[in-house]
Structures are given as structure tokens and as C-alpha cells.
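The next block holds one structure in the form of C-alpha cells; read it before the comments.
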Amino acid sequence: MKTFLIISSIGMFLGVLLGAFGAHGLRQKISADMLAIWNTGVLYHMLHCLGLAIIGLSLKILGDNNWLTYSGWALILGVIIFSGSLYLLAITGIRWLGAITPIGGLSFLVGWLCYAWAIYKSN
């Protein structure tokens, strides 16, 4: 629980930092298309770090729950793979990085299904 809340807070901090970097540091250095890719990474990064906080708070309310724990780690993995691949694609232009992005998206989907299952199975 505490681990997810700490990672969520750090992730949100990094999301704000990366969003500001994109808006102010990259705007003149990369194309509008690449900046849009960067911003998509930031959006999913922020939303799923917020989701991670919800999972951490759910663990506090519901107690130890393996499915909630799986959910949290899946979201963390999703942020790293999905958003990370988009950040790298935007700044390097290496197109094959886009092939990795759906793996992160799948991790997000698994995380949210685990969360739904955890809530369904809770008392």
C-alpha cells in the first residue's frame, strides 16, 4: 500500500516535470507529431499514476489483497513500457519503439481488470 502511494507520488511529480519539459523544452526541437506522441505518453503516465494512488488507498481500505497488488504492479509496468516507449520515440524518432507501446497498453488493461476483480472479490 505505502509503496504504491510513494511510487504514485513520484510518478505524478515526474509526469508534471515531463509535461513541462515537453511544453517548454521540446516544443521548438521536435515536430508537432512527435510532440503529440510525447503528450500522449504524459497523459497516460499521469492517469495511471493517479490510478496507482487509488489502488494504494484501496489496499488501505480493503487490506492485503493479491489482486490489488497485481493491479498496482501492472500499472507501474504499463507506465514504464507505454509512456517510456512514447517518450523515447518522440525524442529519437526511432519508429520501431512504437511496436513496444502496445505491450504497455496491455499491461494497463491487465492492471485494470485485476483491480475490477479485486473489488468484485472483496467483502
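Only a predicted model underlies this, so the values are computations on that prediction, with no experimental measurement involved.
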Query raised in the report: With a 4.5 Å limit on heavy-atom distance, are the side chains of V79 and F108 in contact?
Result: yes

Query raised in the report: S107 side chain to I103 main-chain N or O, any donor-acceptor pair under 3.5 Å?
Result: no

Query - Same apolar cluster (I L V M F W Y, side chains within < 4.5 Å links), L50/L14 - result: no

Query raised in the report: Between OG of S8 and CE of M46, what distance do you get to the nearest 0.5 Å?
Result: 9.5 Å

Query raised in the report: Is L47 reachable from I10 through a run of I, L, V, M, F, W or Y residues, each pair having side-chain heavy atoms under 4.5 Å apart?
Result: no

Query - Connected via hydrophobic side-chain network under 4.5 Å: I100 and V110 - result: no

Query - pair T101-L86: side-chain heavy atoms closer than 4.5 Å - result: yes

Query - Cluster overlap V42 with L26, hydrophobic side-chain contacts below 4.5 Å - result: yes

Report summary line: So ring-ring contact (aromatic ring centres under 6.0 Å, His included) across residues 8-41, not counting sequence neighbours, yields F21-W38, W38-Y87

Query raised in the report: How long is the span from the CD1 atom in I81 to the CD1 atom in I76, to the nearest 0.5 Å?
Result: 12.0 Å

Report summary line: For I94 and L89, the nearest pair of non-hydrogen atoms, with its separation, is O-CD1, 3.1 Å

Report task. Drop me the distance from L17's CG to H45's NE2, to the nearest 0.5 angstrom. Result -> 9.5 Å

Report task. Would you confirm whether S85, through its side chain, and F82, through its main-chain N or O, come within 3.5 Å as a donor-acceptor pair? Result -> yes

Report task. Taking the side chain as every heavy atom from C-beta outward, state whether K2 and I6 have any pair of such atoms under 4.5 Å apart. Result -> yes

Report summary line: Taken to the nearest 0.5 Å, the spacing of M34 CE from I91 CD1 works out to 11.5 Å

Query raised in the report: Linking I/L/V/M/F/W/Y whenever their side-chain heavy atoms sit closer than 4.5 Å, directly or via other members, would L77 and M12 fall into one cluster?
Result: yes

Without placing hydrogens or testing angles, list every side-chain donor-acceptor pair under 3.5 Å for residues 66-75, not counting sequence neighbours.
| unit_1 | atom_1 | unit_2 | atom_2 | d |
| --- | --- | --- | --- | --- |
| T69 | OG1 | N65 | O | 3.2 |
| S71 | OG | G111 | O | 2.7 |

Report task. Would you indicate whether W112, at its atom CH2, is surrounded by more than 12 heavy atoms from other residues, nucleotides or ligands within a distance under 6.0 Å? Result -> yes

Which donor-acceptor pairs under 3.5 Å do side chains of residues 51-62 form with protein atoms, sequence neighbours excluded?
| unit_1 | atom_1 | unit_2 | atom_2 | d |
| --- | --- | --- | --- | --- |
| S58 | OG | I54 | O | 2.9 |
| S58 | OG | Y115 | OH | 2.9 |

Query raised in the report: If you measure from CG on L35 to CG on N39, what distance do you get to the nearest 0.5 Å?
Result: 4.5 Å

